[in-house]
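Have a look at the structure below before the remarks.
Lettering follows sequence order; numbering is per chain, from 1.
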Amino acid sequence: MASDTISITVEFTGGLELLFGNKKKHTVSLPGASKTKNPDITFLVNHLCENLMQDSRRELFVLDGGVRPGILVLINDADWELEGEEKYELQSGDHVLFVSTLHGG
Amino acid sequence: MAEDPTNIDTEQKWPLDPEEYKRYGRQLIMPEIGLQGQLNLKSSSVLIVGVGGLGCPAAAYLAGAGVGKIGLVDGDTVEKSNLHRQILHSTATVGMSKVESAIKYLTSLNPTVKYVPHIAHVSTETTLDLFTPYDLVLDCTDTPASRYLISDTCVLLGKPLISASALRIDGQLMILNYPPLPPGNSKGGPCYRCFFPKPPSPESVTSCGEGGILGPVVGVMGVLQALEAIKLICAGINSEEPVESRDRPILHIFSGRPGATSPFQFRAIPFRGRKSNCAVCSSFATITKESLTSGSLDYQKFCGILNPVTALRAEERVSVEDFAESISKPMTEVRSAKRTDSRKYTVVDVREKVQFELGNLPGSINIPYSELCHVTRSDNVSMSAQKESSKDGQPTPAWVTTLSKTSPDASIYVICRLGNDSQLAVQKMKEYGLGKGSERFIADIKGGFSSWREMVDPTFPDY
């Protein structure tokens with residue numbers, strides 16, 4: 001594997017998949033890894049907007065550069081707040097799940 | 001054994017009524033319930049807020065299980081479009097209040113339960129008094145504003161909350177504020193605000209009316225709420241030990257999964273405890289009983305109100321009546337000429353394909369709004385090394401090409417379900433130069449098919 005990219009799994013649920021070609025699970029190779037620092041969640045979110053998102057309505061995914069309110073981010077099935085939120089540095093093989101909260105009843 | 005109803009000893013001899021042993025027999029013999037569990041159920045009271053797709057199955061199972069008192073809150077009346085999922089209501093109760101309709105059904109299911117009707121929506125003025133007499137609350141509502149209000153009230157009153165939601169084929173469930181310890185006690189369970197400190201923008205909130213909902217999916221979630229409620233009640237709601245001694249709160253996610261034989265999926269995601277700076281359940285809480293009742297909190301405003309789109313100028317919009325008139329003549333010409341490109345207008349229907357197929361105007365073209373918003377990407381799964389080169393020189397979307405082929409002097413009328421997306425679609429078409437300066441008339445049809453049905457064609461399918 002090239003030293004400057006890492007491969008992770010990204011998953012969308014709760015309707016977010018509709019913004020990403022109606023596909024829930026994606027394998028994503030992220031550039032920008034260096035010896036001292038790996039890409040963080042902020043980088044990933046921006047990367048997803050630029051490369052994977054198939055809908056022009058970015059506001060349904062991001063707000064002010066971060067994930068919009070109402071979306072939970074889980075890193076390897078754990079709450080991202082336990083992992084340092086957007087500063088978390090991704091590791092090869094990580095699983096990042098974006099859950100849009102539902103309101104219907 | 002003692003059949004004689006005058007025998008006073010019978011009542012004292014057995015903790016449950018003879019009829020209760022029969023009625024609850026199948027659950028009584030389970031070690032998870034047993035006599036103590038049944039007595040807990042009998043002495044418990046549950047408030048169900050929202051008697052829709054979640055509240056109906058939840059109420060049915062809780063009534064069936066023998067919960068002593070069930071309060072039902074809803075200000076809506078039964079509509080025909082509710083019946084595919086809201087199983088307590090029936091064709092005969094369309095138009096009746098949901099609460100009355102539900103109690104009618106529940107009484108026939110189990111007349112020994114006490115049902116308390118609250119025919120109103122929850123509001124800041126009423127929730128504290130309304131929730132106080134109950135041990136446990138089920139959030140079966142469908143808006144962010146009510147979800148925040150219900151959660152805040154439960155925290156302030158120390159009541160556990162079982163919250164569920166559903167849309168399309170997905171569902172979510174959380175047990176909140178459990179154990180229900182006072183604000184500031186970090187051992188208490190997290191509340192809705194701990195998960196979602198900021199509300200989602202109203203644009204990102206999809207209702208069942210817009211996005212759709214499958215009956216069994218929301219039904220599963222409501223049934224699970226009833227299950228969690230029964231577990232909590234049997235374990236003792238105020239017991240210090242959380243159910244199953246779990247040390248972390250859990251977000252349950254259900255996916256019905258598309259595809260005829262795709263397995264459905266349940267996931268349990270462990271979450272953190274209370275947020276240290278939560279606005280209601282932390283020691284830095286700013287939301288109190290006083291602030292709730294004083295009216296200083298406006299939940300609707302907090303969550304934002306979605307106003308109808310007003311993206312276009314008046315001259316870029318036509319009424320359904322004017323549209324009907326302007327299409328009546330050319331349409332016949334088109335038909336006789338049997339040449340679609342000779343028409344003097346083009347009607348673009350921007351509803352999603354599945355809605356278009358439910359009913360449409362003859363000769364109209366379907367370009368779904370999602371297609372107008374689609375960004376063309378090379379459909380490479382791992383797109384890491386994709387060059388950015390195609391970024392600006394993006395290919396022209398297929399829909400632009402399609403519309404470019406129509407006669408340049410033919411007007412374009414854009415229609416949708418309610419008249420919001422159609423305006424945004426007109427803007428997009430103009431951005432792509434389809435207006436040819438202002439040579440070509442492009443307009444949206446005000447009020448969409450909703451107005452069309454009301455003013456022009458009452459037979460147009462109403463879904």
Side-chain angles (χ1 to χ4, degrees), chain A residues 2 4-11 13-33 39 47-61 63 66 68-72 74 76-83 97 99-105, chain B residues 50 52-55 139-144 146-147 164-168 170-172 195-201 203-209 211-213 218 221-222 248 251 253 255 267-272 275 370 372-377 379-386 388 391 428:
Chain A
D4 60 342
T5 68
I6 55 167
S7 178
I8 62 164
T9 312
V10 175
E11 197 177 347
T13 175
L16 285 175
E17 66 277 11
L18 297 174
L19 304 176
F20 293 88
N22 207 5
K23 192 170 160 226
K24 291 202 169 186
K25 239 179 184 168
H26 302 256
T27 304
V28 175
S29 295
L30 275 184
H47 183 88
L48 294 175
C49 284
E50 293 291 339
N51 298 287
L52 201 64
M53 201 166 170
Q54 298 192 13
D55 199 293
S56 59
R57 291 168 287 183
R58 286 193 183 188
E59 67 277 12
L60 297 180
F61 186 55
L63 181 74
R68 73 159 168 82
I71 295 178
L72 300 172
L74 299 152
N76 301 323
D77 275 348
D79 180 7
W80 74 328
E81 290 207 358
L82 302 170
E83 309 288 344
L97 173 65
V99 183
S100 173
T101 179
L102 308 174
H103 299 97
Chain B
L54 295 165
D139 184 347
C140 303
T141 63
D142 59 359
T143 66
S146 57
R147 291 185 182 279
S165 58
L167 187 69
R168 302 189 185 99
D170 292 332
Q172 295 168 357
F195 282 86
F196 306 108
K198 284 187 201 159
S201 68
E203 293 79 21
S204 66
V205 175
T206 310
S207 71
C208 293
I213 179 73
V218 67
M221 303 318 294
R248 286 262 202 91
L251 166 68
I253 299 181
S255 174
R267 297 165 89 150
I269 295 163
F271 256 79
R272 62 178 180 267
K275 209 173 163 71
S370 62
L372 296 170
C373 293
H374 185 82
V375 178
T376 313
R377 301 244 183 259
D379 55 344
N380 198 336
V381 179
S382 76
M383 70 296 135
S384 69
Q386 283 303 309
E388 296 282 301
K391 187 87 178 52
K428 280 188 190 292

query = Of B/Pro200, B/Ser165, B/Cys208, which is the lone residue that meets side-chain contact (heavy atoms from CB on, under 4.5 Å) with A/His103?
reply = B/Pro200
pair A/Glu59-B/Ser201: side-chain heavy atoms closer than 4.5 Å = no
query = Side chain, backbone, both or neither: which part of B/Leu167 has an atom under 4.5 Å from a heavy atom of chain A?
reply = both
task = Any chance you could measure B/Asp170, atom CG, to A/Lys24, atom NZ, to the nearest 0.5 Å?
result = 4.0 Å
query = Which residue out of B/Gly50, B/Ala166, B/Gly52 racks up the most heavy-atom pairs below 4.5 Å with chain A?
reply = B/Ala166
task = Answer yes when B/Arg267 and A/Glu11 have at least one side-chain N-carboxylate O distance shorter than 4.0 Å, and no when they do not.
result = yes
query = With respect to chain A, which residue among B/Gly53, B/Ser204, B/Ser255 yields the maximal number of heavy-atom pairs within a distance under 4.5 Å?
reply = B/Ser204
request  = Determine whether A/Thr101 and B/Gln172 make a side-chain contact, defined as any pair of heavy atoms from C-beta on separated by less than 4.5 Å.
outcome  = yes
query = Taking side chain as C-beta onward, heavy atoms only, is B/Ile269 less than 4.5 Å from A/Leu72?
reply = no
request  = Select one option (side chain, backbone, both, neither) describing which atoms of A/Leu63 are under 4.5 Å from chain B's heavy atoms.
outcome  = neither
message = With a 4.5 angstrom heavy-atom cut-off, is it the side chain or the backbone of B/Pro144 that approaches chain A, or both, or neither?
response = both
note = Distance col, row A/Leu18:CG vs B/Thr206:OG1, nearest 0.5 angstrom, shows 8.5 Å
query = When rounded to the nearest 0.5 angstrom, what distance separates CG in B/Leu251 from CG in A/Asp77?
reply = 10.5 Å
inquiry  = Please classify the contact between B/Thr143 and chain A as side chain, backbone, both or neither, with a heavy-atom cut-off of under 4.5 Å.
reply    = backbone
key: Part of A/Leu97 within contact of chain B (heavy atom distance under 4.5 Å)   = side chain
task = Name the member of A/Ser100, A/Gly15, A/Gly105 that forms the most heavy-atom pairs with chain B at distances under 4.5 Å.
result = A/Gly105
